[in-house]
Number of protein chains: 2
Amino acid sequence: MGLDLSPLELQLVRRTPLFSGLSPEALSDLMAGAAVQNAPAGNCLFTQGEPAEAIFVVLNGWIKLYRITTGGTEAVIEIFTRGQSFAEAAAFAGATYPVSCEAVTEARLLRISARHLFDRIRRSPDIGLTMLASTSKQLRLFVRQIEALKAQTGAQRIAEFLLELAHCETGSCTVELPYDKALIAARLGMKPESLSRAFNRLKDHGVEVKQRQAEIASVEALRDFAERERADIMKAHGADD
Amino acid sequence: MGLDLSPLELQLVRRTPLFSGLSPEALSDLMAGAAVQNAPAGNCLFTQGEPAEAIFVVLNGWIKLYRITTGGTEAVIEIFTRGQSFAEAAAFAGATYPVSCEAVTEARLLRISARHLFDRIRRSPDIGLTMLASTSKQLRLFVRQIEALKAQTGAQRIAEFLLELAHCETGSCTVELPYDKALIAARLGMKPESLSRAFNRLKDHGVEVKQRQAEIASVEALRDFAERERADIMKAHGADD
DNA sequence: GCACAGTCTTGAGTTTGGTCAAGGCTCGCC
DNA sequence: GGCGAGCCTTGACCAAACTCAAGACTGTGC
């Protein structure tokens, strides 16, 4: 079919957690209900409350999911990039998106019809199982986010955020900050000013931030800081490091 | 089979969102892999990191899901009661529970083997679809929780919590508080002391708390307060009603 | 180089929520 | 009734984070 996917992009799709377990036939079967969608920066893909008619895979660029309270406050729920799928759960629930979605940067997406997907699952249960695994993973991430918001300070949340981006398990390591600070702040549930101050606090724990990069002196030490309970921090402020 | 379920309980199970869409055959098929489990208050059902070998339906009592940081802080993620299922998502993900679970009160549960469930889904995809819908609903709840933690004050979170418990859409209404204040506080991400103070703040918005009951004078007014953005609250404090 | 816009940081003052400690309230038990 | 245990509330104090506002830094265009 006239799917405008480069071979590289096709491979990207095949590797997403959502599809990685599927046979080539099942995959191309699913692709029959798919279309490529290009979105300029700031473009809105869907709005909370809208019927969930599709799931998406990011081919390029950055996408944010957020909620707007009636008052107008925006809470960024999640941010996705190349190779990640989203809205798969929404497509099944009460049939409306629980969040709004917009492109942060210029973006390229694969859009798969929910109805089509639904049909395929009925035919081959394995697709359903893969999707269950995928939404479960999403759920797990949310659990961690809720925990972080409840039990950690801002600085600790950043530490954890950096650790997720760092590939190395031990020693020192440099992390590229993926999007701008205002967005990172929103994702972590704070204001840009607080993020700035929290980064400063991390300097005492071996994190150097310059431009769009963060240098972690010791991954172990940072992990230690991220996981330390509040009480310890309080006690430590008299005799720090 | 020797499933020790009363007819009432069986009906309860049939009505859970997780199973409500299933045919009687599919349901009794699933029940073949189920067992009833009784847990005294404080009993631990599973621990985070443990392989997720079962999903649960609460027949009676209160169950809490929580996470313990390495430091020892506890973050309550969710609380379930009669007629609700949980851990369905965990049973599929990376095969370990992302949270710990314990009975808050004495509790009675239906425990369904994950492996068994897995088999059934392969045979009848509809079970998979129901489960997808169910985990999606869970995901949606988490999204709202994340939003609440990021964008609302403690008082607003309680207001929303009360509104969820209130069945009436408008006018005045009395809500029974389901579990003790310490647990409510944990669920909402704050300390009991803060909960107490936040309840006081709600008095200005027509909420009267006595014993285990909360009286809401006007559901609309409360909703208005819950959804008001922070900025408005600040401005209002000089000229409060 | 200089002005400008955008982004990020800093500073001062305020609010929220956590901590610790003390005091009420309720309920069961003797 | 009196006592004590548990739970909830209050008060004083403090730290974290938000707001508003100003300043620094970066990169662009002239």
Side-chain angles (χ1 to χ4, degrees), chain A residues 41-42 71-75 104-105 148-159 177-186 188-204 207-214 225 228-238 240, chain B residues 41-42 69 71-75 104-105 148-159 177-204 207-214 225 228-238 240:
Chain A
T73 316
E74 174 182 311
V104 178
T105 63
L149 287 168
K150 279 182 177 168
Q152 295 184 306
T153 66
Q156 285 178 303
R157 294 204 293 275
I158 297 174
L177 298 180
Y179 23 86
D180 71 10
K181 301 237 170 135
L183 193 54
I184 295 177
L188 295 173
M190 56 182 125
K191 300 284 139 178
E193 295 97 315
S194 301
L195 181 77
S196 185
R197 286 184 245 265
F199 262 129
N200 273 331
R201 220 165 301 165
L202 286 188
K203 279 189 186 138
D204 301 341
V207 176
E208 204 61 48
V209 184
K210 39 178 86 154
Q211 293 290 103
R212 279 291 187 81
Q213 294 199 329
F225 168 72
R228 185 153 48 195
E229 71 176 315
R230 277 173 195 247
D232 288 347
I233 301 164
M234 313 262 135
K235 275 175 228 148
H237 86 277
D240 46 4
Chain B
T69 64
T73 317
E74 174 183 309
V104 178
T105 64
L149 287 168
K150 280 182 176 170
Q152 295 183 306
T153 66
Q156 286 178 302
R157 296 203 293 273
I158 298 175
L177 298 180
Y179 25 86
D180 72 8
K181 301 237 172 134
L183 193 54
I184 296 177
R187 168 54 238 279
L188 296 173
M190 58 183 122
K191 299 285 140 178
E193 295 96 318
S194 299
L195 181 77
S196 185
R197 286 184 247 266
F199 263 128
N200 274 331
R201 217 163 302 167
L202 286 189
K203 278 190 185 133
D204 302 341
V207 176
E208 205 62 46
V209 185
K210 37 178 88 154
Q211 294 290 99
R212 277 295 187 80
Q213 295 198 328
F225 168 71
R228 187 153 48 195
E229 71 175 313
R230 276 173 196 245
D232 288 346
I233 302 163
M234 311 264 135
K235 273 176 229 148
H237 87 275
D240 47 3

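Hydrogens, waters and symmetry mates play no part in the numbers below; they use all other heavy atoms, side chains included. Predicted, not measured: the structure shown is a model, and the values here were computed from it.
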Whole-Å distance separating the CE atom of A/M190 from the C1' atom of D/dA15: 16 Å
If I take atom CG in residue B/L183 and atom C1' in nucleotide D/dC7, what distance separates them, rounded to the nearest angstrom? 14 Å
How long is the line joining CG of A/L195 and P of C/dT10, in whole Å? 12 Å
Of all the choices, D/dT10, C/dT19, C/dG17, which nucleotide is nearest to the side chain of B/T153 once you look at every atom? C/dG17
To the nearest Å, how far apart are B/I158 CD1 and C/dT16 P? 13 Å
Can you find a side chain N or O atom of A/R201 that sits less than 4.0 Å from OP1 or OP2 on D/dA17? yes
Could you state the CG-P distance from A/L177 to D/dT26, rounded to the nearest angstrom? 16 Å
A/L149 CG to C/dG17 P, straight-line distance once rounded to whole Å: 14 Å
State whether the distance check finds a donor on one side and an acceptor on the other, under 3.5 Å, for side chain A/E193 versus base C/dC8. no
Specify the closest pair of heavy atoms between B/L202 and B/A155, including all atoms of both residues, with the distance to one decimal. CD2-O, 3.8 Å
If the cut-off is 4.0 Å, is A/N200 near the phosphate of C/dT10, judged by side-chain N/O to OP1 or OP2? yes
For B/Y179 against B/R187, the heavy-atom pair lying closest together: OH-CG, 4.2 Å
side-chain N/O A/S194 vs D/dA17 OP1/OP2, d < 4.0 Å: no
Residue whose nearest DNA chain D nucleotide is more 5′ - B/R197 or B/A182: B/A182
Do A/D204 and A/F225 come close enough that some side-chain heavy atom pair is under 4.5 Å? no
Is it the case that D/dT26 (base atoms only) and A/R212 (side chain only) share a donor and an acceptor within less than 3.5 Å, ignoring hydrogens and angles? no
Check whether any side-chain N or O of A/K181 sits under 4.0 Å from OP1 or OP2 of C/dT9, and answer yes or no. yes
Minimal heavy-atom distance between A/L188 and A/R157, with the atoms involved, is O-NE, 2.8 Å
Compare all side-chain heavy atoms of B/M190 with those of B/I158 and state whether any distance is below 4.5 angstrom. yes
Atom-pair distance (CZ on B/R157; P on C/dG17), nearest Å: 6 Å
Without decimals, in angstroms, what is the distance between B/K210 NZ and C/dT26 P? 13 Å
